[in-house]
Amino acid sequence: MEKIVIKGGNRLSGEVSISGAKNAVAAILPATILAEETCVIENVPDIYDVTTLLSILSEMGAEIRMINRSSISINTTRISRPVVPYHLAKQLRASYYFLGVLLAKFNHAEVSFPGGCNFGTRPIDQHFKGFRCLGAQDSIDQGGMINVHAETLTGSRVYLDMASVGATINIMLAAVKAQGLTVIENAAKEPHIVDLANFLNSIGAQIMGAGTDVIKIHGVERFTGATYSVIPDQIECGTYMVAAASTRGDVLLKNIIPKHMEPITSKLQRMGVDVQEFDDSIRIRVSGVLEKNNIKTMPYPGFPTDMQPQMTALMTCAEGTSIMAENVWDNRFQYVDELRRMGAKISVDGKVAVVEGGELTGAPVCATDLRAGAAMVIAGLAAKGVTEIENINYIERGYENMIQKLTKLGADIRKTYVPEQEIKRAL
Ligand code: EPU
């Protein structure tokens, strides 16, 4: 087992480059199955979720070649069985995008129920609603595999009961080859939805309106290959912005799209953080006190739920009482107990956390999921003393080279290996 050890109190300063977006590449890699020629995907982050997606494609028969550290050539033309191996699919949430893609390509898909972070029930009824509107039928077999099948896929109007990111993406993927016009209403508007639409259009799809709540898709028969660069990761950038603020640092975040950062930027500014925007970078500085704030998570362009734990960690270092309301997931405050070990004063009532600002002290804590893990790192950087974080595989699922990036900014952070005997002794 490995853990992250942080000696808190160092002020972060310098420059950091943001990697490609996890949740965009999680849809784009499965979507390469539609292409009838080679695709080159650039700005791919080196994270576990990408490794797992590439393993799925490779086991299905794709030819994958690393061109350099972040560019990958993928040829999926030899994939002939629309079945995703169970042992890999269960490791990540995004495996459900193979349902939409394989349905479009083969009129049939078999994929196990997806894995991913656990913050309450994560239903996928809207994905099935969309597939059914296009003419598909679904069933679950005894082994827990989801089967989706259609004689033909026909374009249709799909109204989503909630603006689900996953359902919008999956329906877009299934509809790109359906006959006629599909209209997704109440679609999600997150930057990675626009990025997937741009990739699909670059290989020949006809998608309009991505980024608004009505997406129109004219089905086409053939897809070419393309070279496509993934957008920068909004949440990785937001995480470093908050990390910089929590240490009262001065950090320039490079290779980003400042527009995507606005929901986070505006909240940090209200807390007294100085945010300077440039064409493709953003500078974070804190010189005065950090002030309290009230935040509600909302679908884009609202404040992202995937920044909620990190921002709550920042609130623990601000002056006064802040409020964080979680509006997307039912149970995304599981990490609060870990922050309490570090001296945070947080009370949670249902989907609302009340945070009394103060000082944190280092402690042994656990990453309860990906973004909760990022919150522990932020708390550890701001705390007095040493913080040891366990379950760091969650963090590595979604953050490229976090330890190297923070070390370059001046953090005292390292990964250590805990021998198995030591773990057994502690039990
Ligand atoms: N929902 C339903 N039915 C559905 C789909 C969603 O009731 O069929 C509900 C969910 O229970 C939730 C809300 O709708 O309350 C939003 O869910 P959504 O479908 O938008 O989430 P997702 O697609 O499963 C993606 C990201 C999450 C991120 C959410 C919200 C990926 C792989 N995952 O999940 O990212 O929290 O959108 O923005 O893109 C993360 O990166 O740490 C992460 C968890």
**Item:** Cys317 versus Leu360, closest heavy-atom pair with distance
**Value:** SG-CD1, 4.3 Å
**Asked** How many angstroms lie between atom CD1 of Ile207 and atom NE2 of His218, to the nearest 0.5 angstrom?
**Response** 11.0 Å
**Message:** Are the side chains of Lys3 and Ile389 in contact, using a 4.5 Å heavy-atom criterion?
**Reply:** no
**Check: Lys129 side chain, Tyr159 main-chain N or O, donor-acceptor pair, under 3.5 Å** = yes
**Prompt:** Can you find a pair of side-chain heavy atoms, one from Asn255 and one from Pro232, that are under 4.5 Å apart?
**Reply:** no
**Message:** Quick check for you: to the nearest 0.5 Å, what is the distance between Asn23 atom CG and His192 atom NE2?
**Reply:** 4.5 Å
**Message:** I'd like to check Asp306 versus Arg332 (side-chain heavy atoms, cut-off strictly below 4.5 Å). Are they in contact?
**Reply:** yes
**Message:** Exactly one of Asp49, Thr52, Thr51 should register a side chain to side chain donor-acceptor pair (under 3.5 Å) with Arg397. Which one does?
**Reply:** Asp49
**Message:** Glu42 vs Thr227, test: side chain to side chain donor-acceptor pair (under 3.5 Å). Steps then yes/no.
**Reply:** CA-CA 7 Å; Glu42 299 173 338; Thr227 296; 5.5 Å; no
**Nearest-0.5 Å distance, CD of residue Glu2 to CZ of residue Arg414** = 12.5 Å
**Message:** I need the minimum non-hydrogen distance between Pro85 and Glu59, along with the two atoms involved.
**Reply:** CG-OE1, 3.6 Å
**Complete:** Separation between CD1 (Ile28) and CG (Asp195), nearest 0.5 Å, reads 4.0 Å
**Prompt:** What's the shortest heavy-atom distance between Glu36 and Thr77, and which atoms?
**Reply:** O-CG2, 3.4 Å
**Prompt:** Any sub-3.5 Å donor-acceptor pair from Ser156's side-chain atoms to Cys133's backbone N or O?
**Reply:** yes
**Asked** Are any of the side-chain heavy atoms of Asn327 and Phe303 separated by less than 4.5 Å?
**Response** no
**Request:** Decide yes or no for Leu53 and Phe98: does some side-chain heavy atom of the first lie under 4.5 Å from some side-chain heavy atom of the second?
**Result:** yes
**Prompt:** Between Thr76 and Lys105, does a side chain to side chain donor-acceptor pair (under 3.5 Å) hold up when you go through it step by step?
**Reply:** CA-CA 11 Å; Thr76 57; Lys105 175 117 176 180; 5.1 Å; no
**Asked** Is a donor on one side and an acceptor on the other found under 3.5 Å between the side chain of Asp349 and the backbone of Val352?
**Response** no
**Item:** Passing option when Lys22 is tested against Val50, Ile235, Leu370 for side chain to side chain contact (heavy atoms under 4.5 Å, CB included)
**Value:** Leu370
**Item:** Test side chain to side chain contact (heavy atoms under 4.5 Å, CB included) applied to Lys177 and Phe223, step by step
**Value:** CA-CA 9 Å; Lys177 273 190 99 174; Phe223 295 90; 3.2 Å; yes
**Asked** Got a donor-acceptor contact below 3.5 angstrom from the Asp250 side chain to the Ser13 backbone?
**Response** no
**Prompt:** Quick one: does Glu400's side chain have a donor or acceptor within less than 3.5 Å of a partner on Ser19's backbone?
**Reply:** no
**Prompt:** So, Lys351 and Asp330, do they make that salt bridge, N to O below 4.0 Å?
**Reply:** yes
**Exercise: identify the closest heavy-atom pair between Thr368 and Ala372** = OG1-CB, 3.3 Å
**Message:** Pair Met342, Val365 - check side chain to side chain contact (heavy atoms under 4.5 Å, CB included), show working.
**Reply:** CA-CA 8 Å; Met342 300 179 71; Val365 292; 3.9 Å; yes
**Request:** Kindly give the heavy-atom pair with the smallest separation between Ala174 and Leu103, and that separation in Å.
**Result:** CB-CD2, 4.3 Å
**Item:** CD1 on Ile18 to CG on Asp280, rounded to 0.5 Å
**Value:** 12.0 Å
**Message:** Run the side chain to side chain contact (heavy atoms under 4.5 Å, CB included) test on Ile413 and Thr407 for me, step by step, so that the C-alpha distance in whole Å, both residues' side-chain angles and the decisive distance to 0.1 Å come before the verdict.
**Reply:** CA-CA 6 Å; Ile413 180 169; Thr407 302; 3.5 Å; yes
**Prompt:** Does Arg340 reach the main-chain N or O of Ile346 with its side chain, forming a donor-acceptor pair under 3.5 Å?
**Reply:** yes
**Request:** Can you see which heavy atom on Ala411 is nearest to which on Leu381, and at what distance?
**Result:** CB-CD2, 3.6 Å
**Item:** Close side-chain approach of Tyr335 to Thr312, heavy-atom, < 4.5 Å
**Value:** yes
**Request:** Please answer whether the main-chain N or O of Leu181 pairs with a side-chain N or O of Lys216 as donor and acceptor at a distance below 3.5 Å.
**Result:** no
**Message:** Quick one, Thr224 with Glu37, criterion side chain to side chain donor-acceptor pair (under 3.5 Å). Give me CA distance, side-chain angles, the key distance, then yes/no.
**Reply:** CA-CA 5 Å; Thr224 59; Glu37 295 159 26; 5.0 Å; no
**Request:** State, yes or no, whether a side-chain contact exists between Tyr228 and Val40 at a heavy-atom distance under 4.5 Å.
**Result:** no
**Request:** Mind telling me whether His127 and Tyr96 have parallel, tilted or perpendicular rings, with 30° and 60° as the class edges?
**Result:** tilted
**Asked** If we only count heavy atoms from C-beta on, is the Glu110 to Pro82 side-chain gap below 4.5 Å?
**Response** no
**Prompt:** If only atom types and distance count, is the side chain of Asn391 paired as donor or acceptor with the main-chain N or O of Cys366 below 3.5 Å?
**Reply:** no
**Item:** Ile124 vs Arg93, side chain to side chain contact (heavy atoms under 4.5 Å, CB included): CA-CA, chis, key distance, verdict
**Value:** CA-CA 11 Å; Ile124 53 172; Arg93 196 76 199 150; 3.7 Å; yes
**Fill in**
Rounded to the nearest 0.5 Å, the CG atom of Asn186 sits from the OG1 atom of Thr168 at a distance of 8.0 Å
**Prompt:** Should the pair Phe131 and Phe128 be assigned to parallel (<30°), tilted (30 to 60°) or perpendicular (>60°) ring geometry?
**Reply:** perpendicular
**Item:** Heavy-atom neighbours of Asp125 CG exceed 12 at 6.0 Å
**Value:** yes
**Message:** Main chain of Gly209, side chain of Thr212: is a donor-acceptor contact present, judged purely on distance under 3.5 Å?
**Reply:** yes
**Item:** Side-chain (Ser95) to main-chain (Ala89) donor-acceptor, under 3.5 angstrom
**Value:** yes
